[in-house]
Amino acid sequence: MKAVQYREVGTAPEVVEIPVPRPGPGEVLLKVTAAGVCHSDIAVMSWPAEQVPFPLPLTLGHEGAGVVVAVGEGVDTVRLGDAVVVYGPWGCGACVKCAQGKENYCLRAEELNIRPPGLGAPGAMAEYMIVDDPRHLIPLGDLDPVRNVPLTDAGLTPYHAIKRSLPKLVPGSTAVVIGAGGLGHVGIQLLRAMTGARVIALDVSEEKLALAREVGAHETLISDDKAVERIRELTGGRGADAVFDFAGVPPTTAIAQQCAGVESDVTIVGIGGGSVEVGFGTTAYETVVTAPYWGSRSELIEVYDLARDGDVTVHVETYSLDEAPKAYERLHANQVRGRAVIVPGS
Ligand code: NAD
Ligand code: ZN
Ligand code: ZN
């Protein structure tokens, strides 16, 4: 089968031919219908060899959807032909975090060498993929896999971030979204669907700001050194009640810190190396700063329930497996509108 692999540190991903895997006991084989392209892959592929925590080659793709085509011994909770999406942050299933569905925070994943598909285990950018356990599958029903596969990460990650700030996002409040890319353009829609907050979106690109307005942002601003002042003006001096930074680079975490109002939340989702210093006088009184990772299994079920209600529409660009390297190039050059999705067999 064809697979898109990161093969050597510092090189671009390649399309290669590898054997179709067979499901072992407890595992599920999916024929992949769609795989999303996340900016985190670009970050991972920029790490030096000593920082890469898994062996290469690695089949990429941590946003996956597919149809069940084979099951290993003992699997009886999914059926052949089921359309599913993959919950990506695999954990042990048994520790106290996993017991709460928070496999993204599994306490034993590292010790047991459990890694997400596409981020250590073979991922979804291939014709077929193995899922380690049927509990990591969520029914897709009749939702379109191509338009909805990004919700497994570009939906779940902002959903988790927003959910923890819901008590602050009452009517009259303001949410600032920094970065209107894959995660950000879904985050804006989630904020509109889940809260009464006014949404101000920031990006460095006018095209991304146009997308932000299209998906529901009330105000859009170029992310520059005037952005903080403009946010203060737009909020009557009060500042934001929640800031979601989907870039997470030093210039955006600085904006986040400065535009956050009293008793606000600052959530750093982007992994661009930025940080917010917390201390008396560095942030507004009682600002909570956090950096979450992905989301829980039950939250992913909630995200798909929202999608079924028609509350989130992911804007996608589609590519074949052969075109995947081009999709990564476009993402790297900040040219993707919404999310790039690889569609095997297209
Ligand atoms: P993306 O490339 O689709 O979107 C990033 C957006 O940020 C783009 O629209 C870009 O124009 C914008 N941007 C870049 N610099 C900016 C700046 N200075 N000010 C404002 N906007 C700026 O990427 P994505 O796939 O949506 O991922 C976003 C970030 O989130 C990445 O860092 C990714 O690695 C990270 N991520 C984190 C988690 C997590 O669990 N914490 C999960 C998924 C992705
Ligand atoms: Zn991701
Ligand atoms: Zn666990």
Side-chain angles (χ1 to χ4, degrees), residues 35-46 60-64 88-112 114 116-119 123-124 149-161 176-188 201-212 220-225 227 243-256 267-274 290-295 297 314-317 327-328 330-340:
V37 186
C38 178
H39 212 121
S40 297
D41 292 341
I42 291 175
V44 168
M45 289 189 280
S46 75
L60 292 162
H62 56 271
E63 290 182 346
W90 297 350
C92 73
C95 73
V96 66
K97 297 295 172 191
C98 287
Q100 298 170 359
K102 299 173 186 169
E103 298 202 25
N104 50 323
Y105 297 145
C106 176
L107 302 173
R108 298 193 67 200
E110 200 169 320
E111 168 202 345
L112 298 172
I114 300 169
L119 292 166
V149 70
L151 295 177
T152 57
D153 177 14
L156 176 57
T157 303
Y159 181 83
H160 171 74
V176 168
V177 170
I178 307 178
L183 273 66
H185 92 289
V186 179
I188 292 166
L202 272 63
D203 205 294
V204 285
S205 138
E206 284 292 354
E207 289 82 35
K208 308 284 185 140
L209 293 182
L211 175 61
T220 55
L221 301 172
I222 283 289
S223 179
D224 61 13
D225 53 6
V243 184
F244 302 96
D245 185 349
F246 296 112
V249 290
T252 59
T253 51
I255 290 172
T267 305
I268 304 168
V269 176
I271 60 172
T290 188
Y293 171 62
W294 227 327
R297 278 171 56 205
V314 185
H315 289 246
V316 297
E317 293 182 358
Y328 277 107
R330 278 177 54 84
L331 182 61
H332 189 57
N334 212 10
Q335 288 167 344
V336 172
R337 189 174 187 277
R339 198 64 147 179

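Remember, it's 1-based here, ligands and their atoms both numbered in the order they're listed.
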Worksheet item: What closest approach, in Å, do C92 and C106 show between heavy atoms, and which atom pair accounts for it?
Response: N-SG, 3.2 Å
Response to the item:
Of all the N, O or S atoms in D153, the one nearest to the Zn ion (ligand 2) is OD2
Worksheet item: Less than 4.5 Å apart, any side-chain heavy atom of Q100 and any of Y105?
Response: no
Worksheet item: K208 heavy atoms, cut-off 4.0 Å: which ligand 1 atoms fall inside?
Response: 8 (C), 9 (O)
Worksheet item: In terms of side-chain heavy atoms, does D203 have a donor or acceptor partner in S223 at a distance below 3.5 Å?
Response: no
Worksheet item: Any non-hydrogen atom of C38 lying under 4.0 Å from ligand 1?
Response: yes
Worksheet entry | Heteroatom proximity flag, T252 to ligand 1, N/O under 3.5 Å | no
Item to complete: Go through ligand 1 atom by atom and flag the ones less than 4.0 Å from a non-hydrogen atom of T157.
Response: 38 (C), 39 (C), 40 (O), 42 (C)
Worksheet entry | Over all atoms of both residues, closest heavy-atom pair of A212 and I188 | CB-CD1, 3.6 Å
Worksheet item: Among V37, D153, V44, V269, which residue places a heavy atom closest to atom 37 (C) of ligand 1?
Response: V269
Discussion item. Closer than 4.0 angstrom, basic N to acidic O: yes or no for R297 and E103?
Written reply: yes
Discussion item. For A180, which part has a heavy atom under 4.0 Å from ligand 1: side chain, backbone, both, or neither?
Written reply: backbone
Discussion item. With rounding to the nearest 0.5 angstrom, report the CD to CG distance, E317 to L331.
Written reply: 9.5 Å
Discussion item. For atom 12 (C) of ligand 1, what's the nearest protein heavy-atom neighbour? Residue, atom name and distance, please.
Written reply: D203 OD2, 3.4 Å
Worksheet item: For F246 and G184, which heavy atoms make the closest approach, and how far apart are they?
Response: CD1-CA, 3.7 Å
Worksheet entry | Atoms of ligand 1 close to L331 [distance to a heavy atom under 4.0 angstrom, numbered from 1] | 2 (O), 3 (O)
Worksheet item: Would you say G182 and ligand 1 have an N/O pair spaced under 3.5 Å apart?
Response: yes
Worksheet item: Which atoms of ligand 1 are found less than 4.0 Å from any heavy atom of S40?
Response: 33 (C), 34 (O), 35 (C), 36 (N), 43 (C), 44 (C)
Worksheet item: A291: heavy atom below 4.0 Å from ligand 1, yes or no?
Response: no
Response to the item:
Under 4.0 Å between heavy atoms, the region of H39 that gets near ligand 1 turns out to be both
Fill in: Non-hydrogen atom of A43 closer than 4.0 Å to ligand 1
no
Item to complete: Check I271 against ligand 1 and report side chain, backbone, both or neither, counting heavy atoms closer than 4.0 Å.
Response: both
Worksheet entry | For Y293, atoms of ligand 1 separated by under 4.0 Å from a heavy atom | 40 (O)
Worksheet item: Which value, rounded to the nearest 0.5 Å, describes the distance between I42 atom CD1 and H332 atom NE2?
Response: 6.5 Å
Worksheet item: Where the Zn ion (ligand 2) is the centre, what is the NE2-to-SG angle for H62 and C38, rounded to 10°?
Response: 110°
Worksheet item: Got an N/O contact under 3.5 Å between S223 and ligand 1?
Response: yes
Fill in: CZ-NZ distance between R108 and K97, expressed to the nearest 0.5 angstrom
15.5 Å
Discussion item. With the threshold set at under 4.0 angstrom, would you say V336 reaches ligand 1 through any of its heavy atoms?
Written reply: no
Worksheet item: What is the distance from atom CG of L183 to atom CZ of F244, rounded to the nearest 0.5 Å?
Response: 12.0 Å
Item to complete: For T152 and V149, indicate whether the former's side chain and the latter's backbone hold a donor-acceptor pair under 3.5 Å.
Response: yes
Worksheet item: atom 4 (O) of ligand 1: which protein heavy atom is closest, and how many Å away?
Response: G181 CA, 3.3 Å
Discussion item. Heavy-atom count check: over 12 atoms from other residues, nucleotides or ligands less than 6.0 Å from E110 CD?
Written reply: no
Fill in: ligand 1 N/O within reach of P251 N/O, cut-off under 3.5 Å
no
Practice prompt. Considering heavy atoms of the protein only, find what lies nearest to atom 28 (C) of ligand 1 and give residue, atom and distance to 0.1 Å.
Written response: F246 O, 3.0 Å
Worksheet item: Just checking, any donor-acceptor pair under 3.5 angstrom between side chains of N334 and K208?
Response: yes
Practice prompt. Check the pair V243, T267 against side chain to side chain contact (heavy atoms under 4.5 Å, CB included), reporting the backbone distance first and the verdict last.
Written response: CA-CA 6 Å; V243 184; T267 305; over 6 Å; no
Worksheet item: For the atom pair CE (M45) and OH (Y328), what is the distance rounded to the nearest 0.5 Å?
Response: 5.0 Å
Discussion item. With respect to the Zn ion (ligand 2), please indicate if H39 possesses an N, O or S atom at a distance under 2.8 Å.
Written reply: no
Item to complete: For ring pair (Phe, Tyr, Trp, His ring centres under 6.0 Å), just list the numbers for H62 and W294, CA-CA rounded to whole Å, side-chain angles, deciding distance to a tenth of an Å, and then say yes or no.
Response: CA-CA 11 Å; H62 56 271; W294 227 327; 5.4 Å; yes
Discussion item. Within the 4.0 Å heavy-atom shell around W294, which atoms of ligand 1 are there?
Written reply: 39 (C), 40 (O)
Worksheet, complete the sentence: One finds that the ligand 1 atoms under 4.0 Å from a non-hydrogen atom of G179 are 6 (C), 7 (O), 12 (C), 21 (N)
Worksheet item: Nearest 0.5 Å, what's the CG-SG distance between L119 and C38?
Response: 8.0 Å
Fill in: Sub-4.0 Å atoms of ligand 1 with respect to non-hydrogen atoms of R339
24 (P), 25 (O), 26 (O)
Fill in: Closest protein heavy atom (residue, atom, distance) for atom 26 (O) of ligand 1
L183 N, 2.8 Å
Worksheet item: Considering only protein heavy atoms, which is closest to atom 8 (C) of ligand 1, and at what distance to one decimal place?
Response: N334 OD1, 3.5 Å
Discussion item. Regarding atom 16 (C) of ligand 1: of the candidates L202, V204, D224, I42, which has the closest heavy atom?
Written reply: V204
Item to complete: Please note down the angle at the Zn ion (ligand 3) between SG of C92 and SG of C106, to the nearest 10°.
Response: 100°
